Amino acid sequence: MAEVLVYVDHVDGAVRKPTLELLTLARRIGEPVAVALGAGAADTAAVLGEHGAVKVLTHDASEYADYLVVPKVDALQAAVTEVSPAAVLVPSSAEGKEIAARLALRIGSGIITDAVDLEAGDSGPVATQSVFAASFTTKSRISKGTPVITVKPNSAAVEAAPANPAVSELSVTFSAQATGTKVTGRTPRESTGRPELTEAAIVVSGGRGVNGSENFAIIEALADSLGAAVGASRAAVDAGWYPHTNQVGQTGKSVSPQLYIANGISGAIQHRAGMQTSKTIVAVNKDAEAPIFDLVDYGVVGDLFDVVPALTQEINTRKG
């Protein structure tokens, strides 16, 4: 069976969930070969093996932390040369998509971004995408070179498939461009204790109807009762009620959780583009004619200041 390269997104050896999803998808089209780079790369092997990786290629060098994405592109190109894979899968983060695009250019291959599903085809892997603000679903494949595909988080359920991976060090020669852009400093993001927005299984968002930054405490309380991430519409962000890093929409982040709860959000196309692929959508809005209700699985016509606290209380009561 053909091998499939999977780029490992990890933090000091702690593998992030989107990578485990990629391993699940990779097993549909071949045998997963994981590529882990940077500090802690060798520590990822056990978790990667538990989720089906038959090989783990590792490489640690200061360049991965000291410079931007080019060293990682150099390493992935070396892995492609070594393995000759049927495809290369990369998480659809901002960094992941830049790595994938640069790699595709380097190896003369086509690229598909933001896939939401993957299956084997007679002429290579077939990727499913949600396009035009999720108004259409397309299936496509790459006809030139080694397919490079980025996959959105929450596109597949993580499935364990224990394997005993062969771990080896990848031989990497960095290009002259690798040290062209140096990282001069880092400021850790203040932790809220909530899941990362694009990876969360549940997202609770607030919009114009929240009517002020102080009222986002109601949205946060519901999110915390569910173990969810907090999102915001562009209107709420532009008003200064919530940080731009939490914006969901065409000019913000795209999410695809199992459950999305929209509170006081009208459902403009800008917002829908960022959350329309959510598996189950619930909306709370006092305007029965709000466009969001055309999209939802469950809708509540009511004042969010009455509905959301009551929902939070009921959830906490049931949790005991």
Side-chain angles (χ1 to χ4, degrees), residues 93-94 133-134 152-154 187-319:
S93 61
K152 292 178 68 172
N154 292 317
T187 302
R189 182 182 300 172
E190 185 177 347
S191 175
T192 63
R194 301 186 183 100
E196 205 283 321
L197 183 59
T198 59
E199 299 174 14
I202 304 174
V203 175
V204 179
S205 289
R208 191 188 305 274
V210 176
N211 200 31
S213 58
E214 67 280 3
N215 295 328
F216 256 88
I218 297 172
I219 306 300
E220 292 176 335
L222 176 57
D224 292 342
S225 72
L226 292 167
V230 176
S233 70
R234 178 173 176 174
V237 169
D238 286 349
W241 299 344
Y242 221 68
H244 182 269
T245 52
N246 294 74
Q247 182 185 333
V248 174
Q250 194 168 25
T251 55
K253 292 182 177 178
S254 179
V255 300
S256 188
Q258 296 297 314
L259 173 62
Y260 188 87
I261 305 178
N263 303 282
I265 296 175
S266 65
I269 188 64
Q270 202 284 142
H271 187 75
R272 293 166 64 131
M275 47 67 72
Q276 198 161 343
T277 57
S278 302
K279 308 305 183 291
T280 301
I281 302 172
V282 178
V284 179
N285 200 300
K286 62 183 180 181
D287 179 7
E289 302 300 321
I292 192 73
F293 287 125
D294 295 333
L295 178 67
V296 302
D297 298 285
Y298 303 96
V300 179
V301 179
D303 190 330
L304 71 87
F305 293 102
D306 296 326
V307 175
V308 174
L311 177 58
T312 303
Q313 182 177 356
E314 180 66 19
I315 292 169
N316 288 330
T317 299
R318 294 194 180 193
K319 286 167 61 180

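Note: hydrogens, waters and symmetry copies are ignored here, and every other heavy atom, side chains too, is used. FYI, the numbering just counts along the sequence from 1. Treat the numbers as computed from the prediction; the structure is a model and nothing was measured.
When atom types are taken as modelled, the side chain of E199 and the backbone of P153 share no donor-acceptor pair closer than 3.5 angstrom. One N or O on the side chain of D297 and one on the backbone of I281 form a donor-acceptor pair closer than 3.5 Å. The main-chain N or O of N154 is found under 3.5 Å from a side-chain atom of K279 such that the two form a donor-acceptor pair. In this structure, the side chain of S256 engages the main chain of T277 through a donor-acceptor pair within 3.5 Å.
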So T251 and R234, side-chain contact (heavy atoms from CB on, under 4.5 Å) or not? Walk me through it.
-> CA-CA 8 Å; T251 55; R234 178 173 176 174; 3.9 Å; yes
I would like to know whether E220 and T192 meet side-chain contact (heavy atoms from CB on, under 4.5 Å); could you show each step before the answer?
-> CA-CA 10 Å; E220 292 176 335; T192 63; over 6 Å; no
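Summarising the geometry, atom CD1 belonging to I202 is positioned 5.0 Å from atom CG belonging to L226; distances are rounded to the nearest 0.5 Å. Between S233 atom OG and R272 atom CZ the span is 14.5 Å, to the nearest 0.5 Å. Note that CD of E314 and NZ of K319 are 12.5 Å apart. Values are rounded to the nearest 0.5 Å. For the atom pair CZ of F216 and OG of S205, the computed distance is 8.0 Å after rounding to the nearest 0.5 Å. The distance from atom CG of L222 to atom CG of N263, rounded to the nearest 0.5 Å, is 6.5 Å.
Across A201 and P257, no two heavy atoms sit closer than the pair O-CB, 3.3 Å. Nearest heavy-atom pair, P195 versus G227, reported as atom, atom and distance to 0.1 Å: CG-O, 3.4 Å. Minimum interatomic distance between S254 and A273 (heavy atoms only, all atoms of both residues): OG-O, 4.4 Å. When all heavy atoms of D287 and F293 are compared, the closest pair comes out as O-CE1, 3.2 Å. Across G209 and F305, no two heavy atoms sit closer than the pair O-CE1, 3.6 Å. Closest of all the heavy-atom pairs between Q276 and L295 is CG-CD1, 3.3 Å.
Just one of T312, I261, V230 meets the side-chain contact (heavy atoms from CB on, under 4.5 Å) condition when paired with I219; it is V230. Among V308, D306, V284, N285, the one residue that satisfies the side-chain contact (heavy atoms from CB on, under 4.5 Å) test with V300 is V284.
Counting heavy atoms from C-beta on, the side chains of V210 and Y242 never come closer than 4.5 Å. Looking at heavy atoms from C-beta onward, Y298 lies in side-chain contact with T280 at the 4.5 angstrom threshold. With a 4.5 Å cut-off on side-chain heavy atoms, Q313 and N316 do not count as touching. Within the 4.5 Å cutoff, the side chain of I265 has heavy atoms near those of the H271 side chain. Contact check for I269 versus Q250: no side-chain heavy atoms found under the 4.5 Å cut-off. Between N246 and V237 there is no side-chain heavy-atom pair separated by less than 4.5 Å. When side chains are defined from C-beta on, W241 does not count as touching N215, because their heavy atoms never get closer than 4.5 Å.
Counting heavy-atom neighbours within 6.0 Å of E289 CD, excluding the residue itself, gives a total of 12 or less. Atom CZ of R208 has 12 or fewer heavy atoms from other residues, nucleotides or ligands within 6.0 Å.
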